[in-house]
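Residue numbers start from 1 in every chain, and the chains themselves are labelled A, B, ... in the order their sequence lines are given, proteins ahead of strands. None of these values were measured; they are calculated from a predicted model. When reading the values below, keep in mind they use all heavy atoms of this one structure, side chains included, and skip hydrogens, waters and symmetry mates.
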Amino acid sequence: MVNITFPDKTKKSFENNPTGFDVAKSISEGFARNCVAMEIDAKPADLSSKIQHDANVRFITTNDSEALHILHHTAAHVMAQAILRLYKDAKLTIGPAIENGFYYDIDMESISEEDFSKIEVEMKKIVKARYPIKRRVVSKSEAQVLYKDEPYKLEMISELNGQEISFYDQGEFTDLCRGPHLPDTGFVKAFKLTKVSGAYWRADQNRQQLQRLYGTAFFSKKELDKYLNFLEEARKRDHRKLGSALDLFSFHDEAPGMPFFHARGMELWNELLTYWREEHCAAGYVETKTPIMLHKSLWERSGHWENYRENMYTTVVDDTEYAIKPMNCPGGMLLYGMRPHSYKELPIRAAEIGMVHRHELSGVLSGLFRVRAFHQDDAHIFMRPDQIQQEILGILQLVERIYSTFGLTFHLELSTRPDKSIGSDQQWEMATKGLRSALDEYGNDYKINEGDGAFYGPKIDVHIKDAIGRTWQCGTIQLDMSLPERFNLHYIGQDNERHRPIMIHRVIFGSIERFFGILVEHFAGKFPLWLAPVHAILLPINDELANYASELKVMMQKQGLRIELDDRSESLKKKIRDAQLNQIPLMLTIGEKERENGTLAIRTLDGTVKYGISHEEFFNRVHIHVRLRKPHLDIFSD
RNA sequence: GCCGGCGUAGCUCAGUCGGUAGAGCAGCUGAUUCGUAAUCAGCAGGUCAGCGGUUCAAUUCCGCUCGCCGGCUCCA
């Protein structure tokens, strides 16, 4: 007799030891059909598991988010089964569920995406067969016998100490796995293999190169299609495509990983930084600038020479070694250290738009998202210990103001002391407490990543969410207990003694190049007016009106508009189409009526046209939109 | 850096089972003068990424180099 308690506190008693499936069916047949797994006393289990003793049981149905994770894991097994059928010599390693899908690392001949369809066909057969998925527990020695020809699995088993060792069987296939899994392979209704790449066994370059096959799966075709549409939408927004289509930036073989910004890209860039400077000025920051290239001794002192040298560009001048800065902080330390400081001056908030170079591996470069030369919107804040909470709170408020201007939402994550770290327990406690209390005072929820901090201090990371729901880590606020020590920085306290200042590094955009790329994708190239490289374009409907349009252009330039004129002998339709493809927010068609009445006809990117707008109204609306940095494009809404 | 894929006109792409290339768009010239997403015609445009090898002949086959794309963090 076992007594089962459900999440809603209702109870049910069963004779013998029922399986999860028995219990689910006792609720209703329909419910049981939707169940994929369960939790017994908060531990995940298969529906086929027997409930041995009184327990709290929660069923996981296809509506629960965990169900997808289980589905992914089962789909990985289905894929592995299909591959073993098709490639006899393949040796399985690991195959976890990941965000948005799953992968399996397999030691096998190299395959390409062209091989996907035949694997998918085999997977479909396995799904259709609806093989029941059964769990069995074996001893370590039994497992070793079972896997005598599977070197990778043997290695994994040898690392399992104390845990129960379980296998999952479906048809002729069996795999070492913790589970849980779906009741049968028939649940894997909608799946797709997405990519293949190389990966190393145990992520170690010196070990066997494996094939990593990625896939995704859903409980219905509809959800799969939705996900594939999302990928398609992301592809359309790709900043590398839009960057060249909209003439914003480019890359050249002569400087791999180092972007060139075009005139139009620079309009956006400069707007971004003008805004950034306004906000920082208002928040009490000063701006500094330090050299790009500094003497080796500085990098030895900062610790970069020892820890970061592989990523640094170096050069020898007059027999002396220099390094191009990969970070701005050591230069910032020199500025602080050049004269004594009083406790009354603190906090000092020294911002720096610093250009840094980092020699990233060639294979990781990716558009503006991963580059070798970029600018950080850095700031180094020097303060007294009693100012930590207030300063962090101030940064969080600044972060919120800036991101919201772009219509970006964000969440915060706190990373605490890692195993390998410098500084005393007391310092860490004070620093972490400072961050934590600032976060608490700020009020929004935050996630804690235990042990994920930098070796020199705890940090808060800011993750933004873009228009199609993707998240990006941009901002970071890091307490640094190392550099002030290394550079022997101090301030004179009220007690007339020397004290070590607390230092934080923080960025909000992070890499300006990367943030630029994120904005391109976030807005899909349709920038709000204040950021748009070109505000408006004049489109005379015939050549005779070109002169008048040209006068308007000069007049509008004087009003501070970024204005262009399309006076080609093309049809109006053609000019509109081209302006539309260039994502120019405002198209001003100039015809006879506009000249006679001195008004404007304004077409916006959504295709709507407003006639008879006075010049005055047009300028007012544009100026208000630009000045208030409205995040939407429609100048006729407020 | 490693694995796999790719590199043909400014862009998107076709093509050559080895006999030195073709379309659309963009550009230029001319005609057209147009009221809200492509007017028409003509012209021009290429060391087929670079270097080397095989061959009577290489853009094509082979090797190397460079660059780009997808991965290389997710742990049975």
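Looking at A:Phe102, A:Phe191, A:Phe219 one by one, the single match for side chain to side chain contact (heavy atoms under 4.5 Å, CB included) with A:Leu71 turns out to be A:Phe219. For the side chain to side chain contact (heavy atoms under 4.5 Å, CB included) criterion with A:Phe410, the lone passing option out of A:Asp461, A:Ile464, A:Thr471 is A:Ile464.
A:Arg358 places a side-chain N or O within 3.5 Å of a backbone atom of A:Pro326 that can act as its donor or acceptor partner. One N or O on the side chain of A:Asn542 and one on the backbone of A:Leu545 form a donor-acceptor pair closer than 3.5 Å. No donor-acceptor pair closer than 3.5 Å links the side chain of A:Ser415 to the backbone N or O of A:Pro458.
Ion pairing between A:Glu233 and A:Arg237 holds under the 4.0 Å rule for side-chain N and carboxylate O. Salt-bridge check for A:Arg595 with A:Glu592: passed, with a basic side-chain N closer than 4.0 Å to an acidic carboxylate O. Ion pair A:Arg178/A:Glu164 not flagged as a salt bridge, since none of the NZ, NE, NH1 or NH2 atoms sits closer than 4.0 Å to an Asp/Glu carboxylate oxygen. Looking at A:Glu232 and A:Arg235, a side-chain N of the basic residue comes within less than 4.0 Å of a carboxylate O on the acidic one, giving a salt bridge. Under 4.0 Å is where a charged nitrogen must lie from a carboxylate oxygen, and between A:Arg568 and A:Asp578 at least one such pair does. Look at A:Lys553 and A:Glu564 and you find no salt bridge, because none of the NZ, NE, NH1 or NH2 atoms lies under 4.0 Å from a carboxylate O.
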For nucleotides 7-9 of chain B, list the nitrogen or oxygen atoms of the protein found under 3.5 Å from its nitrogen or oxygen atoms, one pair per line.
none

What nitrogen or oxygen pairs link the protein and nucleotides 43-48 of chain B at under 3.5 Å?
none

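With sequence neighbours excluded, no residue forms a ring pair (Phe, Tyr, Trp, His ring centres under 6.0 Å) with A:Tyr131. When the side chain to side chain contact (heavy atoms under 4.5 Å, CB included) test is applied to A:Val364, the partners found at least two apart in sequence or on another chain are A:Glu360, A:Leu361, A:Arg370. For A:Ile60, the side chain to side chain contact (heavy atoms under 4.5 Å, CB included) test picks out A:Val36, A:Ala37, A:Glu39, A:Arg58, A:Asp64, A:Glu66, A:Ala67, A:Ile70, with sequence neighbours left out. Partners of A:Tyr152 by ring pair (Phe, Tyr, Trp, His ring centres under 6.0 Å), not counting sequence neighbours, listed by chain and number: A:Trp201. Partners of A:Glu413 by side chain to side chain contact (heavy atoms under 4.5 Å, CB included), not counting sequence neighbours, listed by chain and number: A:His411, A:Lys447, A:Asn449, A:His463.
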*Would you give a per-nucleotide map of nucleotides 23-32 of chain B, 5' to 3', where B means the base has a protein non-hydrogen atom under 4.0 Å away, S means only the sugar-phosphate does, and - means neither?*
---SS----B

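Using a 4.0 Å cut-off on heavy atoms, the residues of residues 583-597 of chain A that approach RNA chain B are A:Thr589, A:Gly591, A:Glu592, A:Lys593, A:Glu594, listed by number. Heavy-atom distances under 4.0 Å link RNA chain B to no residue of residues 73-81 of chain A. Within residues 603-613 of chain A, the residues approached by RNA chain B to less than 4.0 Å at the level of any non-hydrogen atom are A:Arg603, A:Val609, A:Tyr611, in residue-number order.
With hydrogens and angles ignored, a donor-acceptor pair under 3.5 angstrom links the side chain of A:Arg202 to the base of B:rC75.
In this structure, the CD1 atom of A:Ile94 is 8 Å from the C1' atom of B:rC74, given to the nearest Å. Between the NZ atom of A:Lys575 and the P atom of B:rU36 there is a distance of 14 Å, rounded to whole Å. Atom pair A:Ile106:CD1 and B:rG4:C1' shows a separation of 15 Å (rounding to whole Å applied).
Backbone-only engagement by A:Leu365 is indicated by non-hydrogen atom pairs under 4.0 Å involving sugar-phosphate atoms exclusively. Among the protein residues, A:Leu160 comes within range of the nucleic acid bases, having at least one heavy atom under 4.0 Å from a base atom.
Enclosure of atom CD in A:Glu99 is not indicated, since only 12 or fewer non-hydrogen atoms of other residues, nucleotides or ligands lie within 6.0 angstrom.
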*Quick one: the dot-bracket string of RNA chain B, using Watson-Crick and G-U wobble pairs with both distances under 3.5 Å, [ ] for crossing pairs and | for bases paired to another strand.*
(((((((..((((.....[..)))).(((((.......))))).....(((((..]....))))))))))))....

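Phosphate contact (OP1/OP2 of B:rG71, side-chain N/O of A:Lys195, threshold under 4.0 Å): present.
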